[in-house]
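To keep things clear, I will list the structure first and then write my remarks on it.
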Amino acid sequence: MKFFIFLTLTLLWFAFMTFLSHQDGEHTSRTSLELAERLSFLEKDTERLNCALRRLAHVGVYAVLAVFFVCTLRLGRLPRWPAAALIFWAWADEATKRWIQGRHFSWLDVALNLLGTLLGAAAACLPG
């Protein structure tokens, strides 16, 4: 039962993060700027905060995906090597943005996606 719960969480999270990642430039900019304005108590310079939130989002969403996916594999008593597909997706997610209005490919964002993937996979592999 836990396996199917985590499998469902993994698939839903993947769909959610891919939807957010593939919004056009206007919508993604508006969404992140609104969040930065709501969190302006953390930093007076909302543009600086906006930039930090956009960078942290890459790490965060990939970390969650990696935790869900690695836990799914573990609960299903499956080999862990399919988690390497997350490394491919960290790049492919960015590569597909070339065809979305107002978006672009960024190696920095690929690196942030990979960082999140590694952090999430490491957290999911902790004993306990």
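Note on Val67: it does not cluster hydrophobically with Leu73, by side-chain heavy-atom contacts below 4.5 Å among ILVMFWY residues. Hydrophobic clustering (side-chain heavy atoms under 4.5 Å, transitive across Ile, Leu, Val, Met, Phe, Trp, Tyr) keeps Leu86 apart from Trp107. Note on Phe68: it does not cluster hydrophobically with Leu12, by side-chain heavy-atom contacts below 4.5 Å among ILVMFWY residues. With hydrophobic clusters built from ILVMFWY side chains whose heavy atoms lie under 4.5 angstrom apart, Leu65 does not share a cluster with Leu119. Phe105 and Tyr62 sit in two unconnected hydrophobic clusters of ILVMFWY residues. Membership requires side-chain heavy atoms under 4.5 Å apart, directly or through other members.
More than 12 heavy atoms of other shown residues, nucleotides or ligands fall within 6.0 angstrom of atom CH2 in Trp89. Within 6.0 Å of the CZ atom in Phe19, the count of heavy atoms belonging to other residues, nucleotides or ligands does not exceed 12. Atom CZ of Phe4 has 12 or fewer heavy atoms from other residues, nucleotides or ligands within 6.0 Å.
For the residue pair Ser40 / Thr46, no side-chain donor-acceptor distance below 3.5 Å is found, with atom types taken as modelled. Side chains of Lys97 and Ser21: a donor-acceptor N/O pair is present below 3.5 angstrom, by distance only.
Summarising the geometry, atom CG belonging to Leu49 is positioned 6.0 Å from atom CG belonging to Leu42; distances are rounded to the nearest 0.5 Å. The structure places SG of Cys51 at 10.0 Å from CG of Asp45, a figure rounded to the nearest 0.5 Å. Interatomic distance, Leu53 CG to Thr31 OG1, rounded to the nearest 0.5 Å: 12.0 Å. Of the inter-residue distances, the one linking Leu115 atom CG with Leu108 atom CG reads 10.5 Å to the nearest 0.5 angstrom.
When atom types are taken as modelled, the side chain of Thr72 and the backbone of Phe6 share a donor-acceptor pair closer than 3.5 angstrom. In terms of modelled atom types and a separation under 3.5 Å, the side chain of Arg103 and the main chain of Thr96 share no donor-acceptor contact. Panel note: side chain His27, backbone Gln23; no donor-acceptor pair is recorded below 3.5 Å. Thr28 contributes no side-chain N or O that, together with a main-chain N or O of Asp24, makes up a donor-acceptor pair within less than 3.5 Å. Side-chain atoms of Arg80 come within 3.5 Å of backbone N or O of Leu78 as a donor-acceptor pair.
Heavy atoms only, all atoms of each residue included: Ala90 and Asn113 are closest at O-ND2, 3.0 Å. Across all their heavy atoms, Ala124 and Cys71 have their closest contact at CB-SG, 4.2 Å. Considering every non-hydrogen atom in both Ile87 and Leu114, the closest pair reads CG2-CD2, 3.8 Å. Shortest non-hydrogen contact noted between Val70 and Ala83 is CG2-CB, 4.2 Å.
Note: Trp13 and Phe16 have tilted aromatic rings, judged against thresholds of 30 and 60 degrees for the angle between ring planes.
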Given side chain to side chain contact (heavy atoms under 4.5 Å, CB included), test Phe14 with Phe69 step by step and report yes or no. CA-CA 10 Å; Phe14 179 78; Phe69 192 41; over 6 Å; no
Do Arg55 and Val59 pass the side chain to side chain contact (heavy atoms under 4.5 Å, CB included) test, and can you show the C-alpha distance, the side-chain angles, and the key distance before you say yes or no? CA-CA 7 Å; Arg55 298 293 180 227; Val59 176; over 6 Å; no
Determine whether Glu34 and Arg30 satisfy the following criterion, salt bridge (charged side-chain N to carboxylate O under 4.0 Å, His left out), listing intermediate values before the conclusion. CA-CA 6 Å; Glu34 286 174 8; Arg30 188 175 340 133; 5.1 Å; no
Assess the residue pair Val110 and His58 against the criterion (side chain to side chain contact (heavy atoms under 4.5 Å, CB included)); give the C-alpha distance rounded to whole Å, side-chain angles, the decisive distance to 0.1 Å, and a yes or no. CA-CA 8 Å; Val110 171; His58 287 272; over 6 Å; no
Apply salt bridge (charged side-chain N to carboxylate O under 4.0 Å, His left out) to residues Asp109 and Arg54 and explain how you reach the verdict. CA-CA 9 Å; Asp109 290 349; Arg54 290 175 72 99; over 6 Å; no
Please walk me through it: do Ile5 and Thr8 pass side chain to side chain contact (heavy atoms under 4.5 Å, CB included)? CA-CA 5 Å; Ile5 291 170; Thr8 301; 5.9 Å; no
